[in-house]
There are 2 protein chains.
Amino acid sequence: MFQLSKKVEYGLIVLRHMAMKPRGQVFTAKELANEYEIPYELLAKVLQKLAKSGIVVSMQGVKGGYALGQKPEAIIVSDIIRVIEKERPMLAGCYVDGPLSCSIFDICTIRKPLEKIQKNINSLFDKMTIQEIV
Amino acid sequence: MFQLSKKVEYGLIVLRHMAMKPRGQVFTAKELANEYEIPYELLAKVLQKLAKSGIVVSMQGVKGGYALGQKPEAIIVSDIIRVIEKERPMLAGCYVDGPLSCSIFDICTIRKPLEKIQKNINSLFDKMTIQEIV
DNA sequence: TAATATAGGACTACTGTAGTCGTATTTATG
DNA sequence: CATAAATACGACTACAGTAGTCCTATATTA
Ligand code: SF4
Ligand code: SF4
């Protein structure tokens, strides 16, 4: 309960790896997967999502691979999660899927109070960048 | 991803309900379940766990039920979650199940940095009491 | 043209969560 | 003392989401 998904963890690990090396260096999904013992196909998909959003840039073909698309201090953990998981970490299902997703939405008494915690959690993930985990 | 379980939500809802009424008042699982449209059997189990830990006190038999076991301002959200879910909300699986639970534990580079966020999340849940959501 | 890399959809296996059911025990009350 | 109303609790089922795999297409270099 409450854990980051493996995909997010894998994303953070490889982004950190890239951030440690000289700017612009290119890494293949294969070598990253080997280095951190991550299932290759799974990591490939994570990188593809990160590429679509511009967090990394991708180069196809022989000698292709991925490089950081932004400076490490500009890559926000919150954005990484949103790119990989579609949305930020949310305490309650209704925050993500709306009123219709919960049968007791209108009589729920904790929805609003929990928003206070939600807001604080948001700001935690918003404040942390890849630079901070290098 | 990252959501509180329904059991925890149900627990929070009924504890808040109890906290709003005069101290010592007794509620049956049935009436609480009806009031908030929560599956009775499920809520019953949640209340049983809360009772075992002393957050509520239970009385068996006819005219039995549950009453708050502590003052609302002494009931910490963090404790409620731990009682219902066995442990507090954790960002990473290895924080809960130890090194052996993750195959890349020794080469993981994000485990320690994430502890910073974990600590902050812990303190959020530690600081909130039932009194605050009444 | 061959080799190497990303792109991406489809699929499977597994795990954890939500919810249900059945039964035992306790206790107030007529 | 019998009955009804309540908690206690283990076993079970159904479902949804996650992790991981597989297959094929496309791009690029040499
Ligand atoms: S409405 Fe209340 S119970 Fe339903 S998902 Fe939102 S917070 Fe949870
Ligand atoms: S070791 Fe790293 S990857 Fe494994 S669970 Fe802990 S944080 Fe996640």
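Numbers restart at 1 for each chain; the letters A, B, ... are given by sequence-line order, proteins then strands.
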Ser58(A) vs dA5(C): side-chain N/O to OP1/OP2 distance below 4.0 Å: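 Result: no.
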Position toward the 5' end of DNA chain D (nearest nucleotide), Lys30(B) or Lys52(B):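 In this pair, the answer is Lys30(B).
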Please write out each protein N/O paired with an N/O of nucleotides 17-21 of chain D under 3.5 Å, distance rounded to 0.1 Å.
residue, atom, partner, partner atom, Å
dA19(D), OP1, Lys6(A), N, 2.5
dG20(D), OP2, Tyr10(A), OH, 3.1
dT21(D), O4, Lys45(A), NZ, 3.3

Aromatic ring pairing Phe2(B)/Phe2(A), orientation class (parallel under 30°, perpendicular over 60°, tilted between):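 If you compare the ring of Phe2(B) with that of Phe2(A), the planes turn out tilted.
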Gln48(B) and Ser58(B) side chains, donor-acceptor separation under 3.5 Å: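 No.
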Lys/Arg-Asp/Glu bridge criterion (N-O < 4.0 Å) met for Glu132(B), Lys127(B):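 Salt bridge between Glu132(B) and Lys127(B), a charged N being under 4.0 Å from a carboxylate O: no.
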Within 45° cone of Phe105(B) ring axis and under 6.0 Å: Arg111(B) NZ or CZ: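 Yes, a cation-pi geometry.
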Mind calculating the distance between [atom1] ([X]) and [atom2] ([N]) to the nearest angstrom?
| X | N | atom1 | atom2 | answer |
| --- | --- | --- | --- | --- |
| Glu37(B) | dG19(C) | CD | C1' | 16 Å |
| Tyr36(B) | dA18(C) | OH | C1' | 21 Å |
| Glu31(A) | dT6(C) | CD | P | 9 Å |
| Gln3(B) | dA18(C) | CD | C1' | 13 Å |
| Gln60(B) | dT29(C) | CD | C1' | 17 Å |
| Leu43(A) | dG8(C) | CG | P | 15 Å |
| Tyr66(B) | dT27(C) | OH | P | 13 Å |
| Lys63(B) | dT29(C) | NZ | C1' | 9 Å |

Hydrophobic cluster identity match, Val8(A) and Tyr95(B), side-chain contacts under 4.5 Å: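 Linked, Val8(A) and Tyr95(B) end up in one cluster.
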Same apolar cluster: Tyr40(B) and Val26(B), side chain cutoff 4.5 Å: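 Cluster IDs for Tyr40(B) and Val26(B) differ.
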Among dA8(D), dA6(D), dA3(C), the one nearest Val62(A) by side-chain distance: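 Comparing dA8(D), dA6(D), dA3(C) against the side chain of Val62(A), the answer is dA3(C).
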Sugar-phosphate only, base, or nothing, as touched by Ala29(B) at under 4.0 Å among non-hydrogen atoms: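 Sugar-phosphate contact only - Ala29(B) comes under 4.0 Å of backbone atoms but never of a base.
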For Leu114(A) against Leu91(A), the heavy-atom pair lying closest together: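 That closest heavy-atom pairing would be O-CD1, 3.8 Å.
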